[in-house]
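To start, the structure itself, in structure tokens.
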Amino acid sequence: MIPSVLDAPAPGWTADADVVVIGSGIAGLVAALRCRPHGRVLLVTKALLDAGSTRWAQGGIASALAPDDTPDDHLADTLTAGVGLCDEAAVRVLVTEGPDAVLGLIELGAAFDRAGDGEIALTREGGHHRRRIAHAGGDATGAEISRALLAELKDSGVEVIEHALVLDLLKDAAGRAAGVTLHVMGEGQPHGVGAVRARAVVLATGGLGQVFSATTNPEVSTGDGVALALRAGAAVTDLEFVQFHPTPLWLGADARGQQPLISEAVRGEGAHLVDHSGERFMVGRHELAELAPRDVVAKGIMNRMRETGEPCMLLDGRHFGAAMWERRFPTILAACRHHGIDPVTEPIPVVPAAHYSSGGVRTDLYGRTTVPGLYACGEVACTGVHGANRLASNSLLEGLVFAARIATALTDDLAAADSAGPADTLVADAVATGVGGLVDPGARGEIQRIMTSFAGVLRSAEGLDAAARELAALPRGGTGPGVEAWEATNLHTVASAIVAAARLREETRGSHWRQDFPERSDGRWRGHLVTRLAGNVLTTAYEPLEGNDE
Ligand code: SIN
């Protein structure tokens, strides 16, 4: 049983806005700023404004800015990485609007690193045939973008509530999104469970990496937006494509929670992946060797670990020298040294960890979900640009480009929208159908163990069946007023949806690796898996792409 509405007390307060934006990474901030001309905008975020994944993004933001690059080249690399499942129209939007969007960030004050000639310095990452990754502070790109957008937010008139976990979507009698219920944990007013009425709701809640034991995602990435969208009846697409970053720092077999990332840009600047005998095992496995698309490198590392029996592989950048490490990768250098590894004198132990959800809440090219009035952008969304495997550094770009498009869509959509309706009706609707059965907060670690054991990098029918069984058997009975039971329930909902999709897709494609179906099968599986929740039951259906002729 997956609850279709969270069991929550009746809201103790209400607030109003024209647009409520949930999340404060690049997508949420851009959506809030760009929607401001539409009226009152309320931005709510689960922790502090800069606590989400954007701040942790190292490598950079991809766009065809170099004289020898074109949006078509960027499109080709994105489609290749996505292994046949990208929506080409969405990718075209991304790559053609991308360069201006990045230049727009610079106009806002984001300070990207410059080359000796004063031009924006561009690096390479996995799957890119050109240097097209702009970066800031060496390896602190997300932090700089976040800083610039937060500075812009300050005097924008956007209202902000921090420490607020979104619970469920409010709908009006016509089934249109009309606000959200929230639990505000911070001090001050409002406090506790409340309802925000709004004419449009934008989900920008980020990722779901905390579903797994080891992830590059921060603590807050618990899949809240995907879980809310499912409960609201929205279609969620391609959740089986969870990307495992090839090179987080290996902190031992028992490492749990957020792991330090060693950016792909380290390989982009020439570091080599080697096994413990010093052999560059990616050479010969792919024409781009260490700079193959992310899924290929993650699989290469896992295979070499299995062949050698080692618990990690090594990333060797000693030839950079101390000055380059300090200038180009200060964050990574400090993180490695903090953990007792000095990349200047020794190779870095690395192992894949959960990093990014290529699937998410299905949207059109303007962020519209299948529920009228509900929009999604950033990692929580599935716009179609990533397919089965996201190209490196396309994520910040996607958040930037598609969040702005939601503001464009709202010009027409809000004009057509009904008014939100009386608060009492909306609030009663939101709580009356709650079925209870929250997951016990103590089950969070169990969910992570189950997902890592059975639905991680390597999957099989046997393991996924076990995952489904063990997830279904987890204890219920979680209660408020803390947010832990709601978060655990969100993790459980998302984990169950990932397992259902991963079980159904009997092939290996992109970041979905089935040991029992090791080949890609375009004849059976060139299409999307669409998950919905209705009557407390999840269903996942296959939707073939046009042109499947095998
Ligand atoms: C990295 O810096 O390696 C991460 C970039 C990304 O996830 O796109």
Side-chain angles (χ1 to χ4, degrees), residues 25-27 52-63 74 77-78 81-82 91 94-95 98 102 112-113 121-128 131-146 206-209 215-218 221 241-249 258-271 273 282 288 290-298 301 315 317 328-333 335-336 343 348 350-358 360 378-379 383 385-401 510-511:
I26 187 169
S53 293
T54 293
R55 162 160 89 81
W56 297 95
Q58 295 180 346
I61 184 162
S63 69
H74 189 183
D77 286 344
T78 303
V91 179
L94 181 83
V95 299
V102 173
F112 286 96
D113 296 333
L122 299 169
T123 191
R124 277 183 69 194
E125 290 183 354
H128 292 272
R131 286 189 163 261
R132 63 167 73 98
I133 321 293
H135 46 87
D139 56 4
T141 313
E144 173 57 13
I145 291 173
S146 181
L208 47 77
T215 172
T216 60
N217 292 187
S221 301
F241 296 117
V242 178
Q243 187 170 69
F244 284 73
H245 194 289
T247 59
L249 178 61
Q258 187 178 10
Q259 308 295 304
L261 181 66
I262 312 298
S263 173
E264 294 220 0
V266 174
R267 278 173 279 137
E269 297 291 353
L273 272 169
M282 283 308 298
L288 292 171
E290 283 94 345
L291 285 178
R294 190 166 286 175
D295 61 317
V296 177
V297 181
I301 291 175
L315 184 62
R328 186 65 183 81
F329 300 114
T331 314
I332 295 168
L333 183 65
C336 287
I348 306 168
V350 291
V351 72
H355 181 62
Y356 190 88
S357 174
S358 296
E379 187 173 350
T383 60
V385 300
H386 305 313
N389 177 49
R390 173 175 66 81
L391 185 67
S393 284
N394 268 356
S395 51
L396 291 173
L397 188 69
E398 186 201 29
L400 182 64
V401 166
S511 52

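Whatever order the structure lists them in is the order used to number ligands and atoms, beginning at 1. This chain uses plain numbering: 1 for the first residue, then up along the sequence.
S358 contributes no side-chain N or O that, together with a main-chain N or O of H386, makes up a donor-acceptor pair within less than 3.5 Å. Between the side chain of N389 and the backbone N or O of G82, no donor-acceptor pair lies under 3.5 Å.
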For ligand 1, find each of its N or O atoms that sits under 3.5 Å from a protein N or O atom, and tabulate the pairs with distances to one decimal place.
unit_1, atom_1, unit_2, atom_2, d
ligand 1, 2 (O), G59, N, 2.9
ligand 1, 2 (O), S263, OG, 2.7
ligand 1, 3 (O), H245, NE2, 2.8
ligand 1, 3 (O), E264, N, 2.7
ligand 1, 7 (O), R294, NH1, 3.1
ligand 1, 7 (O), R294, NH2, 3.2
ligand 1, 7 (O), H355, NE2, 2.6
ligand 1, 7 (O), R390, NH2, 2.8
ligand 1, 8 (O), R294, NH2, 3.4
ligand 1, 8 (O), R390, NH1, 2.7
ligand 1, 8 (O), R390, NH2, 3.4
ligand 1, 8 (O), S393, N, 2.6

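With sequence neighbours left out, H245 forms a ring-ring contact (aromatic ring centres under 6.0 Å, His included) with H355. For T54, the side chain to side chain contact (heavy atoms under 4.5 Å, CB included) partners at least two apart in sequence or on another chain are I26, S146, L396. Qualifying side chain to side chain donor-acceptor pair (under 3.5 Å) partners for T78, counting only residues two or more places apart in sequence or in other chains: N394.
Between the CG atom of L122 and the NE2 atom of H128 there is a distance of 11.0 Å, given to the nearest 0.5 Å.
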